[in-house]
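These notes concern the structure reproduced below.
Please read all numbers here as calculations on a predicted model, not as lab measurements. Proteins come first, then strands; the chains are lettered A, B, ... in the order of their sequence lines, and each starts at number 1.
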Number of protein chains: 2
Amino acid sequence: MDAFEKDRHFMRLAIEEAKKAGAIGEVPIGAVIVCNDEVIAAAHNLRETTQNAVTHAELMAIQEACQKVGSWRLEDMTLYVTLEPCPMCSGAILQSRIPRVVYGARDPKAGAVDSLYQLLNDRRLNHECEVAEGVLSDECGMLLTTFFRELREKRKQVKAMERDQKL
Amino acid sequence: MDAFEKDRHFMRLAIEEAKKAGAIGEVPIGAVIVCNDEVIAAAHNLRETTQNAVTHAELMAIQEACQKVGSWRLEDMTLYVTLEPCPMCSGAILQSRIPRVVYGARDPKAGAVDSLYQLLNDRRLNHECEVAEGVLSDECGMLLTTFFRELREKRKQVKAMERDQKL
């Protein structure tokens, strides 16, 4: 498997994680952390389930990886995530010294890797990452588009039901 | 107690948290979260102890507060922290919708509230905070200065001992 296929392979696993989130009504975002071609952590967004503001996929995967290796330094690892990380998760990537990040779809509203900020490539900070974007981006983005479209439709149905009850 | 004295009072509690970190060899940074004049979460930096990259004082206090109130939204709360939050913790503050942040000393190397970035006041993001800085900043900063000076002295002593053993 060449480097291109490897990135697609691990992004597919991140997509599987994202689907687990979607299946329980969470915004479908997933992440895996890979070390020596082996997945050592996998997580998906759980904000509504946990009611904990910091339970984004990346942040939980980073914590799982730290626990696995017994160190806050995640050297020689790659983080794969379906959506461009937000400021919090980009900051967590810097804190854990992960050297490489691969993400799927851009997040023009809150992305802090390329869109609104370039936190992973700021020479003033004490760590920089290699970043690859756009791996299976259509599939990653489609998960979100579909999720939000279905959510809007459900809301419309609920509103229609409420209106009918009032009549 | 007027607003000025109230901020100093809660910052003193954050300083107490920071001292707990220093006492166990952690960089002395502390945070408390206050709701209706009551401390509902308190935490200090534990990165070395936990070997978990995300265990900064603010991030742990935010998680504790979410658990206490059973919600990822920390509305009507104030976070007090001895040092200007980093990108990760500033991002976590945005995620949890905390409306007000008070910090002690600036962090010119990694601060993301005023120094390197102004993450808490970016109209493009979906939340903005009221920020007050400089509350007991000398005391907050001195904790760090003293900690790092003592660390350098200890390292010097260890090096001298190693040199003596080689002779």
For this session: Say whether, by atom type as modelled, one donor and one acceptor occur between the side chain of A/N45 and the main chain of A/V27 under 3.5 angstrom.
Result: yes

Regarding [X] and [Y], is there a side-chain donor-to-acceptor distance under 3.5 Å anywhere?
X      : Y      : answer
B/D122 : B/Y117 : no
A/Y103 : A/D114 : yes
B/E16  : B/H44  : no

Chain A heavy atoms under 4.5 Å from [X]: which part of the residue, side chain, backbone, both or neither?
X      : answer
B/R73  : neither
B/L116 : both
B/S90  : neither

For this session: Anything in residues 126-153 of chain B with a heavy-atom distance to chain A below 4.5 Å? Please list those residues in order.
Result: none

Problem set entry | Salt bridge B/K159-B/E162, side-chain N to carboxylate O under 4.0 Å | no

Exercise. Between B/A61 and B/A43, which heavy-atom pair has the shortest distance, and what is it?
Worked result: N-CB, 3.7 Å

Exercise. Nearest heavy-atom pair of A/I93 and A/I62: which atoms, and what distance?
Worked result: N-CD1, 3.8 Å

Exercise. For the candidates B/A65, B/C86, B/A110, B/G70, which exhibits the highest count of non-hydrogen atom pairs separated by less than 4.5 Å from chain A?
Worked result: B/G70

For this session: Using a 4.5 Å cut-off on heavy atoms from C-beta on, say whether the side chain of B/K6 contacts that of B/D37.
Result: yes

